[in-house]
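Data block below; observations after.
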Amino acid sequence: MKYVDEFRDGEVAQGLAKAIAAEVHHDRRYNFMEFCGGHTHAISRYGVPDLLPTNVRMIHGPGCPVCVLPIGRIDLAIRLALDNGAILCTYADTLRIPASGGLSLMKAKARGGDIRMVYAVTDALKIARDHPGKEVVFFAIGFETTTPPTAVAIRQARAEGLKNFSVLCCHVLTPSAIMNILESPEVRELGTVPLDGFVGPAHVSTVIGSRPYAFFAEEYRKPVVIAGFEPLDVMQAILMLVRQVNEGRAQVENEFTRAVTPEGNTKAQNLVAEVFELRRSFEWRGLGEVPYSALKIRAGFAEFDAEQRFHLEYQPVPDNKACECGAILRGVKKPTDCKIFGTVCTPENPMGSCMVSSEGACAAHYTYGRHQDARAVEA
Amino acid sequence: MSAVKKGYVRALDIRHGRVDMSHGGGGRAMAQLIAELFANHLGNEYLAQGNDGACLPPGDGRLVVSTDSHVVSPLFFPGGDIGCLSVHGTVNDVAVMGATPLYLTAGFILEEGFPLADLARVVESMARAANEAGVQLVAGDTKVVEQGKGDGVFITTTGVGFLPEGIHLAGDQARAGDAVLVSGSIGDHGVAIMSQRENLSFDAPILSDTAALHGLTAAMLASGAAIRVMRDPTRGGLAATLNEIAHQSGVGIHLEEAAIPVKPAVGAACELLGLDPLNIANEGKLLAVCAAGDADRLLTAMRAHPQGREAAIIGKVVADPNAFVQMQTRFGGRRMVDWLSGEQLPRIC
């Protein structure tokens, strides 16, 4: 496959692995957080850890939109389908997230809720056009990457005069989450998460640009290397991070120059600003309430805001007590540190959200990495 | 069945007619549908017996029976349709047991309003597929459900074949050291259906690989290679089937990603849809586990058959109490190849 295989080339990977091995100092450890679930998935799926020296550890960050969605938000979506009789359109990943009362969107569907999997928000618009007599709600989740299409859809709905379409907005913001991690006591005071740097988001950065990360590099003295989602991108970014650490630098570097500019996509940013505004606070699974970390629909577009349209009241719901998703999302614990990992909590029966999406730290480790816990005997 | 039909003057309007509730009512309309559509295309001496069951002659060896329901959507897809799929799916389940498939039964659940022209296409396709596979459809059933309670047509087929003495293929026979082979490129069927649903178009359309594998399995058995397991990786794809074998045999399996054949267009579509070819359904491919020393001989036999031209040795069986399936990635790392969780592609077969 042209323009894809080039970024997964095994020989180049070996070359990079050698370069990283030559660069690392053996008397110290390197702990890097890949913020995005896309990176977590690439690292696990291509077996990147096998190519890294043992003193380089990758910590999976909270950049999986499904994983950070709190139970209360799923409950709202379920309520829309079951109580309000709306057609709820959602990305496939959210279907299995455990909600209150033993429900999930998939189980609510089995109970008669009209819940439909869509690949894009445009599919939801089409469903609204095709069912003028039904309320159609798009369950909008994701970071800055998926926000512009939602903004476009809302504008489109207004232009078409669609009266039965609305959006349950759960869009969240990357810089606020990174800041929250850096501000958390574990990182700032206790030193239990010795973070040496970040692999910065790929697709998110194509929208917001590389500039927003400068603050972290300067204020917190943490190097950030923005990287694409292909495994070679990640390897190159790790090499760049190791070099920054070794040279005592803390800068924003861009490995993903083929797509990311310092300013980002200003057209998309303007679209988002037209339709959305900052929420004062938003609950994140694992991180709790994070101020100014999410978006809501502006008053001018209130008719398309499902929360207002259906008078939804958000009720926070505590996570399962045994679940360590919170600590795992902050990088304080590894999936295998959780007592219920792989026993009570599996991809078939997830207790916590990190086990739901293939981009979640727990699901990625369960699906792709369990062999590392018990190395198989070679024949 | 022709006794009931007597007295009818007007033939079934296959071109414009639709299935209605009377076609499942047990009366003349049903008898007419069976006679003019099903028996007309699928008829043989056993179906012609017209009894509640088909009386079949004794065969050579042990009886192998398998059953499979088909609910694929869309009903017609690039490279096939629900008709031939319902024959291939069951024929293959019998064939990978090492048996020679001989007979099929078919149960149809039709939805009120389904165009008879579409039903005729499906039945003709079944007839063609059965003919090519050398199996006879010896018993059938038709039910009709109200509009909205079905989706055109669902077909359940049961296949019967005879397994010659001396052949014992089973999921628990894989042993450490054995070789793992696949008969050709993976993921074609699932991607053909998904590309239809998602309106993805490619320069050359991706066709479903739906096909009967009895010829290939016969050639493989004739090669004399010590085959332990044969299985067709349908729903859940290669990953699910290999995990089944690993668990049943209590062994691990190590795959080489670079050795697994995937068509470029299938790979590209998977990239686009966020799917892994290892999890995607096939309907005309098989996996085989054989003694390491016989792997080359088996590979040669497979490649000599039209359905095995792209066959490849893709991995080996290892001792592993965890029964993990692992893969050396093209990238140079190693990862688990797990069962699929949840539902990736509903109504794929």
Side-chain angles (χ1 to χ4, degrees), chain A residues 1-5 7-17 41-52 91-93 95-96 104 106 117 119-120 123 230-232 234-235 346-350 355-356 358-359 363-379, chain B residues 174-179 194 197-200 239 246 251-254 256-258 262-276 278-279 292 315-346:
Chain A
M1 222 179 316
K2 204 150 172 48
Y3 308 122
V4 171
D5 290 342
F7 297 99
R8 297 175 189 170
D9 187 292
E11 277 180 38
V12 181
Q14 289 300 337
L16 273 170
H41 190 249
I43 288 169
S44 309
R45 178 170 174 179
Y46 297 96
V48 170
D50 288 349
L51 295 163
L52 298 178
Y91 296 128
D93 271 3
L95 285 173
R96 293 185 303 122
S104 63
M106 194 178 265
M117 188 190 103
Y119 278 95
D123 299 341
E230 294 298 331
L232 281 183
V234 179
M235 296 278 292
T346 61
E348 277 66 38
N349 188 24
M355 193 55 107
V356 176
S358 63
E359 295 187 355
H365 185 69
Y366 189 93
T367 308
Y368 296 122
R370 259 179 308 152
H371 63 287
Q372 292 155 0
D373 308 333
R375 282 274 177 199
V377 188
E378 291 276 342
Chain B
R175 298 290 173 262
D178 287 352
M194 282 308 283
R197 282 193 210 155
E198 297 302 320
N199 282 322
L200 293 182
V251 295
I253 293 174
H254 283 186
E256 287 292 333
E257 184 176 27
V262 179
K263 291 200 171 102
V266 170
C270 286
E271 233 6 87
L272 212 60
L273 296 167
L275 305 172
D276 187 340
L278 293 172
N279 292 129
K316 63 177 180 182
V317 178
V318 298
D320 177 3
N322 293 304
F324 283 160
V325 179
Q326 299 180 43
M327 182 166 81
Q328 186 69 26
T329 68
R330 222 183 267 267
F331 193 68
R334 174 169 286 191
R335 65 139 155 131
M336 293 254 310
V337 175
D338 205 5
W339 309 81
L340 185 63
S341 18
E343 176 65 283
Q344 187 178 38
L345 303 173

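Convention: sequence-line order gives letters A, B, ...; per-chain numbering from 1. Just so it is clear, the model here is predicted, and its values are computed rather than measured.
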Next item on the list: Identify which part of A:Leu95 has an atom lying under 4.5 Å from any heavy atom of chain B, answering side chain, backbone, both or neither.
Entry: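 Neither part.
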Margin query: Less than 4.5 Å to any heavy atom of chain B: does that hold for the side chain of A:Ser44, its backbone, both, or neither?
Written below: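 Contact with chain B involves the backbone of A:Ser44 alone.
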Kindly compute the distance separating [atom1] ([X]) from [atom2] ([Y]), expressed to the nearest 0.5 Å.
X        : Y        : atom1 : atom2 : result
B:Glu257 : A:Tyr46  : CD    : OH    : 7.0 Å
A:Tyr368 : B:Thr329 : OH    : OG1   : 11.5 Å
B:Phe331 : A:Gln14  : CZ    : CD    : 9.0 Å
A:Asp50  : B:Gln328 : CG    : CD    : 7.5 Å
B:Trp339 : A:Thr367 : CH2   : OG1   : 13.5 Å

Item checked: Short side-chain to backbone donor-acceptor contact, B:Arg335 and A:Gly47, under 3.5 Å ->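 No, because the side chain of B:Arg335 does not come within donor-acceptor range (under 3.5 Å) of the backbone of A:Gly47.
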Notebook entry, point to check: Are any of the side-chain heavy atoms of A:His371 and B:Asp320 separated by less than 4.5 Å?
Noted result: no
Checklist line | Side chain to side chain, A:Arg370 and B:Asn322, heavy atoms closer than 4.5 Å | finding: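 With C-beta onward as the side chain, the pair stays apart.
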